[in-house]
Amino acid sequence: MFAVQHLIETLVHDALEASVASGELALAELPEVTVERPRDVTHGDWATNVAMRAAKPAGMPPRAVAEVIAARMSGHADIASVEIAGPGFINIRLSDAALQRVVREARAQGTSFGSSKLGAGRTVQVEFVSANPVGPMHVGHGRWAALGDSLARILAHAGYSVEREFYVNDQGVQMDVFAESVAARYLELAGREVTFPEEGYRGAYITDIAREIMAEEGERWADTSAEEREAYFKEKAYAQVLAHLKHVLSGMGVEFDVWFSERTLHAPGDDGGPSAIERAIARLREAGYIYEHEGATWFRSTDFGDDKDRVLLKADGSYTYFAADVAYHWNKLEERGFDVVIDIWGADHHGYVKRMEAAVAALGHPGKLKLIIGQLVNLFRNGEVVRMSKRTGEMVTFEDLLDEVGPDAARYFFLRRSTDQALDFDIALAKEQSSDNPVYYVQYAHARICSILRKAADAPEAEDVSALAAALVPADADLSLLTTEAELGLFRKLAEFSEVVEAAAEQYTPHKLTRYAEELAASFHQFYTVCRVVNPDAPALTVARLAVVDASRIALESVLGLLGVHAPQRM
RNA sequence: GCGCCCUUAGCUCAGUGGAUAGAGCGUCCGGCUACGAACCGGGAGGUCGCAGGUUCGAAUCCUGCAGGGCGCACCA
């Protein structure tokens with residue numbers, strides 16, 4: 001995919017360079033060339049402020065600089081006009097030929113439309129959700145699931161080699177409490193006197209798990225030692241919860257490549273040698289960032305801007321959660337060698353950002369860890385806050401939400417807001433099948449297109465509209481017949497796709513794609529309202545319009561695919 | 001007390017240092033004898049939280065203040 005933005009940047013840059021070479025502009029160094037989309041369409045497709053940036057060093061008025069550069073840009077086949085405007089903007093308008101090429105490319109490339117080589121094959125790991133396997137996921141996890149998965153899809157589309165990973169905290173205090181909780185419920189079911197653990201998990205699912213064990217194995221665990229019982233229940237219950245997490249995530253179309261067990265970080269190495277945690281600490285020690293104090297082993301994270309140093313090995317001989325996390329990131333960056341590692345965390349964990357970045361820097365990989373901090377989700381129903389209590393375990397879970405609104409609406413709503421904005425999720429609105437609900441607006445455009453293609457092919461029952469389009473419209477259809485504002489507007493919107501994907505990939509902002517999806521759908525609906533597509537009296541025009549319709553179908557399917565939302569052919 | 005995020009139209013939110021700050025919903029007025037009206041067109045609606053600063057230019061960058069959210073463990 002040729003991204004128009006890069007073409008324009010190159011053209012401006014070359015014109016600038018040539019102007020300096022010829023002596024028309026006296027510049028010691030070239031200013032950075034940036035092009036942007038003007039807000040106002042009358043200002044053309046692209047604009048650059050480079051003349052204003054170069055004016056002072058060149059000792060010329062901005063508009064005079066712009067004149068020099070603009071004179072060297074006109075004449076290119078992809079450019080219809082170059083104009084100087086305002087204080088010194090250079091406004092560039094694409095030629096119809098350039099726009100028509102985008103339509104042909106979309107049809108030729110199919111699902112790879114909008115892809116780019118931005119990532120150049122670099123490897124990226126996206127770790128997200130990583131919910132503790134001791135209970136159901138809350139709706140926040142749903143947001144991270146949608147975000148991480150969509151980001152992974154976008155990065156892959158932008159040319160990165162992507163892996164999705166779920167870090168399983170299958171060791172530690174929470175697992176112990178979890179096992180004790182299940183054991184206590186089990187004993188209750190067996191009719192024994194038992195005091196429920198003070199900090200135990202009180203959700204009804206704990207009892208469900210206990211009941212299941214009871215059904216399978218009877219009361220044989222009621223009279224064993226607590227250690228034996230809890231050790232067994234821990235594995236049993238944890239396996240069940242993990243399977244449940246996978247099931248729920250899968251229900252929203254989120255599949256992980258790797259489920260990484262925290263236990264492997266504590267376990268001895270493959271050769272029976274030191275564990276990953278021990279190796280990581282040794283590495284930090286070599287680098288001089290470790291010291292002992294009051295019986296504990298500390299990491300001097302303050303060397304990297306953290307507020308205070310952090311304990312890795314506690315005085316009681318056990319490792320902190322952070323120690324495992326250090327080892328985990330050492331594993332990601334050093335042992336598995338990812339070029340970029342992305343962690344998606346909830347805002348409630350932002351306090352760990354500095355120490356994690358410090359650890360990664362101390363391990364010799366500064367800057368490779370990208371931490372995305374997502375703000376939390378507030379649930380509403382018809383404008384009323386849905387209250388939840390963690391203490392009693394009463395809550396609307398991610399699974400409940402998914403069951404109620406469905407995967408498409410859930411994902412779309414999770415992705416529609418920028419990550420650093422708290423999300424108000426209104427369950428009633430997400431369920432509503434009306435124009436209030438943007439996911440239907442976009443899907444409707446796609447279904448409408450499919451209907452047109454079926455109509456054009458006179459095949460109302462056809463399932464494969466892609467084949468219909470291929471048969472109806474040759475690759476070299478004469479697109480120069482399409483000259484109305486609505487048609488050209490749609491061309492322009494299609495031409496934006498690639499650059500939106502790149503921006504979303506570079507800035508980790510899937511919400512840009514929901515916005516683009518709505519804009520693309522709007523451009524299509526406008527086109528549809530004004531331009532009759534299937535017209536027996538004008539076969540050439542019909543074919544040309546069907547080409548744009550098909551390109552729009554491909555783009556909508558592609559953008560919805562990046563969001564993980566289904567593109568229905570009928571609805 | 002310290003740190004991070006947020007504050008833009010009645011509501012929910014976009015907005016890469018640029019030109020007259022946008023979208024959806026809501027509201028008002030219009031548009032189906034042709035391909036899907038779950039659609040389209042138009043109007044009204046803004047001290048971009050407040051105050052300074054940086055510069056050719058600030059919703060955007062810096063500082064301070066106010067309001068809201070989330071964190072500040074040898075917990076995970």
Side-chain angles (χ1 to χ4, degrees), chain A residues 34-40 42-43 47-49 52-53 55-56 62 85-89 91 132 134 169 171-175 177 199 262 293-298 307-308 310-325 346-354 373-376 378 380 383 416-424 426 429 432-438 440-445 447-456 486 499 503 506-507 511-512 514-515 518-519 521-522 524-536 542 545-546 549 570-571:
Chain A
T34 56
V35 298
E36 60 183 21
R37 292 269 181 185
R39 285 213 178 89
D40 188 336
T42 65
H43 293 144
T48 178
N49 62 357
M52 286 180 281
R53 297 171 68 122
K56 196 178 251 182
F89 289 103
N91 290 338
N132 286 316
V134 297
N169 297 120
Q171 173 152 351
V173 178
Q174 296 194 69
M175 286 292 285
V177 173
E199 298 297 318
E262 180 186 350
H293 178 63
E294 292 182 351
T297 301
W298 295 71
D307 303 326
K308 53 170 296 205
R310 305 294 171 177
V311 169
L312 294 172
L313 181 57
K314 294 184 263 184
D316 69 2
S318 64
Y319 290 107
T320 59
Y321 179 86
F322 178 56
D325 243 351
D348 52 342
H349 286 82
H350 76 258
Y352 298 90
V353 169
K354 279 209 175 128
I373 303 303
Q375 296 300 310
L376 303 174
N378 303 308
F380 288 79
R416 199 156 179 255
R417 297 291 175 244
S418 76
T419 312
D420 47 18
Q421 188 88 240
L423 174 65
D424 290 341
D426 194 310
L429 177 60
E432 204 168 309
Q433 304 207 358
S434 76
S435 56
D436 291 1
N437 192 337
Y440 290 105
Y441 179 78
V442 178
Q443 290 182 319
Y444 179 68
R448 206 177 202 189
I449 285 171
C450 294
S451 175
I452 297 168
L453 291 170
R454 289 191 298 265
K455 169 82 175 180
E499 80 204 48
E506 283 181 305
Q507 300 161 31
H511 78 274
K512 286 184 189 296
T514 60
R515 192 164 195 84
E518 288 165 45
E519 290 171 2
F524 177 77
H525 286 311
Q526 287 157 17
F527 157 81
Y528 176 89
T529 303
V530 177
C531 299
R532 168 85 195 172
V533 178
V534 180
N535 181 356
T542 296
R545 285 182 172 164
L546 282 172
V549 168
R570 294 183 172 86
M571 53 192 287

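So you know, we letter chains A, B, ... as the sequences are listed, proteins then strands, and number each from 1.
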Quick one: label A:Arg310 by what it contacts on the DNA or RNA (base, sugar-phosphate, nothing), any heavy atom closer than 4.0 Å.
nothing
What is the distance, to the nearest angstrom, from the CD1 atom on A:Ile452 to the C1' atom on B:rC39?
11 Å
Closer than 4.0 Å, any side-chain N/O of A:Tyr441 to the OP1 or OP2 of B:rC40?
yes
If the C1' atom of B:rG42 is compared with that of B:rC4, how far apart are they to the nearest Å?
44 Å
Considering non-hydrogen atoms only, spot the tightest contact between A:Glu199 and A:Val177 and give its length.
O-CG1, 3.5 Å
Distance flag, aromatic centroids of A:Tyr441 and A:Tyr444, threshold under 6.0 Å:
no
Check the phosphate of B:rC74 against A:Lys308, side-chain N and O only, distance under 4.0 Å to OP1 or OP2. Yes or no?
yes
Tell me, please, whether A:Tyr528 has A:Arg448 positioned over its six-membered ring: NZ or CZ under 6.0 Å from the ring centre and within 45 degrees of its axis?
yes
Can you tell me which nucleotide in B:rC56, B:rC6, B:rA19 comes closest to the side chain of A:Pro38?
B:rA19
Output the rounded distance in Å from CZ (A:Phe527) to C1' (B:rG41).
17 Å
Looking only at heavy atoms, the pair that brings A:Leu313 and A:Ser318 closest together is CD1-O, 3.5 Å
OP1 or OP2 of B:rG41 less than 4.0 angstrom from a side-chain nitrogen or oxygen of A:His525, does that happen here?
no
Could you tell me whether A:Ala47 contacts a base, only the sugar-phosphate backbone, or nothing, with contacts defined as non-hydrogen atoms closer than 4.0 Å?
base
When you compare B:rC62 with B:rG68, how far apart are their C1' atoms, in angstrom units rounded to a whole number?
23 Å
Can you tell me the Watson-Crick or wobble partner of B:rA9, both distances under 3.5 angstrom?
none
Does B:rG15 have OP1 or OP2 under 4.0 Å away from a side-chain N or O of A:Lys512?
yes
Quick check: closest heavy atoms across A:Ala347 and A:Leu376, and the distance to 0.1 Å?
N-CD2, 4.0 Å
Considering every strand and a 4.0 Å limit on heavy-atom distances, what is the contact class for A:Ala296: base, sugar-phosphate, or nothing?
base
When you measure from the side chain of A:Arg417, which nucleotide among B:rU12, B:rG18, B:rG36 comes out closest?
B:rU12
Without decimals, in angstroms, what is the distance between A:Asp424 CG and B:rU7 P?
13 Å
Determine the interatomic distance between C1' on B:rA9 and the same-named atom on B:rG15; round to the nearest Å.
14 Å
Quick note, A:Thr529 side chain, CB onward, closest among B:rC4, B:rA19, B:rC40 is B:rC40
Considering all heavy atoms, the nearest A:Pro38-A:His43 contact:
CB-CB, 3.7 Å
Which listed nucleotide (B:rG18, B:rA14, B:rG71) is nearest to the side chain of A:Asp348?
B:rG71
Which nucleotide in the set B:rC56, B:rA37, B:rG18 lies at the smallest distance from any side-chain heavy atom of A:Glu36?
B:rG18
Candidates B:rC5, B:rG3, B:rG36 - which lies nearest the side chain of A:Lys354:
B:rG3
Sort out the partner of B:rG45 for me: Watson-Crick or G-U wobble, both distances under 3.5 Å, none otherwise.
none
Rounded to whole angstrom, note down the C1' distance from B:rG69 over to B:rC25.
25 Å
Complement of B:rG64, any strand, by Watson-Crick or G-U distances under 3.5 angstrom
B:rC50
side-chain N/O A:Gln421 vs B:rG69 OP1/OP2, d < 4.0 Å
no
How long is the line joining CG of A:Asp420 and P of B:rG68, in whole Å?
20 Å
So what does A:Ala503 touch, heavy atoms closer than 4.0 Å: a base, only the sugar-phosphate, or nothing?
nothing
From CD of A:Gln375 over to P of B:rG68, roughly how many Å is that when rounded to an integer?
16 Å
Hunt down the Watson-Crick or G-U wobble partner of B:rC72, both distances under 3.5 Å, from any strand shown, or write none.
B:rG1
By the rule that syn is within 90° of 0, classify the base conformation of B:rC35 as syn or anti.
anti
Taking only N and O in the side chain of A:Gln526, is any of them less than 4.0 Å away from OP1 or OP2 of B:rG41?
yes
Touch class at under 4.0 angstrom, heavy-atom based, for A:Ala347 against every strand present
sugar-phosphate
Selection from B:rG36, B:rG71, B:rC56 that lies nearest to any side-chain heavy atom of A:Ser451:
B:rG36
Rounded off to whole Å, could you give me the CG-to-C1' distance for the A:Asn437 and B:rU12 pair?
13 Å
Let's see if you can work this out: which of B:rG36, B:rG69, B:rC74 has an atom nearest to the side-chain heavy atoms of A:Arg570?
B:rG36
Let me know, please, whether A:Ala445 or A:Thr48 comes out on the 5' side of the other along RNA chain B by nearest nucleotide.
A:Thr48
Please report the distance separating the P of B:rG26 from the corresponding atom of B:rA19, rounded so that it comes out in whole Å.
30 Å
Any donor-acceptor pair under 3.5 Å between the side chain of A:Asn49 and the base of B:rG18?
yes
When rounded to the nearest 0.5 angstrom, what is the spacing between CZ in A:Arg416 and CD in A:Gln421?
12.5 Å
For the side chain of A:Met52, counting heavy atoms from C-beta on, which of B:rG18, B:rC74, B:rA19 is nearest?
B:rG18
Is there a stack between A:His349 and B:rG71, judged by ring centres under 5.5 Å and planes under 30°?
no
When you compare B:rG17 with B:rU60, how far apart are their P atoms, in angstrom units rounded to a whole number?
11 Å
Answer with base, sugar-phosphate or nothing: what part of the nucleic acid does A:Ala456 contact at a heavy-atom distance below 4.0 Å?
nothing
Have a look at A:Tyr528 and say if it touches a base, only the backbone sugar-phosphate, or nothing, with a 4.0 Å heavy-atom cut-off.
base
Under 3.5 Å on both distances, the Watson-Crick or G-U partner of B:rA19
none
Can you tell me how far C1' in B:rG1 sits from the matching atom in B:rU47, rounded to whole Å?
33 Å
Tell me: CD of A:Glu519 to C1' of B:rC13, nearest whole Å?
13 Å
Is B:rC35 paired to anything, Watson-Crick or G-U wobble with both distances less than 3.5 Å, and if yes, which nucleotide?
none
Looking at every strand, decide which applies to A:Glu294 at a 4.0 Å heavy-atom threshold: base, sugar-phosphate, or nothing.
base
Pick base, sugar-phosphate or nothing for A:Asn91, based on heavy-atom distances below 4.0 Å to the nucleic acid.
base
Base, sugar-phosphate, or nothing for A:Lys314, non-hydrogen atoms under 4.0 angstrom?
base
Ignoring hydrogens and geometry beyond distance, is a side-chain donor-acceptor pair present between A:Gln375 and A:Asp420 at under 3.5 Å?
no
List the atom of A:Asn49, the atom of A:Thr34, and the distance in Å for their closest heavy-atom pair.
OD1-OG1, 3.6 Å
Just to be sure I understand the rule, does A:Ser318 reach a base, reach only the sugar-phosphate, or reach nothing, if contact means heavy atoms closer than 4.0 Å?
nothing
Does A:Thr320 reach a base, just sugar-phosphate, or nothing at all? Heavy atoms under 4.0 Å.
sugar-phosphate
Minimal heavy-atom distance between A:Arg417 and A:His511, with the atoms involved, is O-CB, 3.6 Å
Would you mind classifying the nucleic acid contact of A:Asn169 as base, sugar-phosphate or nothing, using non-hydrogen atoms under 4.0 angstrom?
nothing
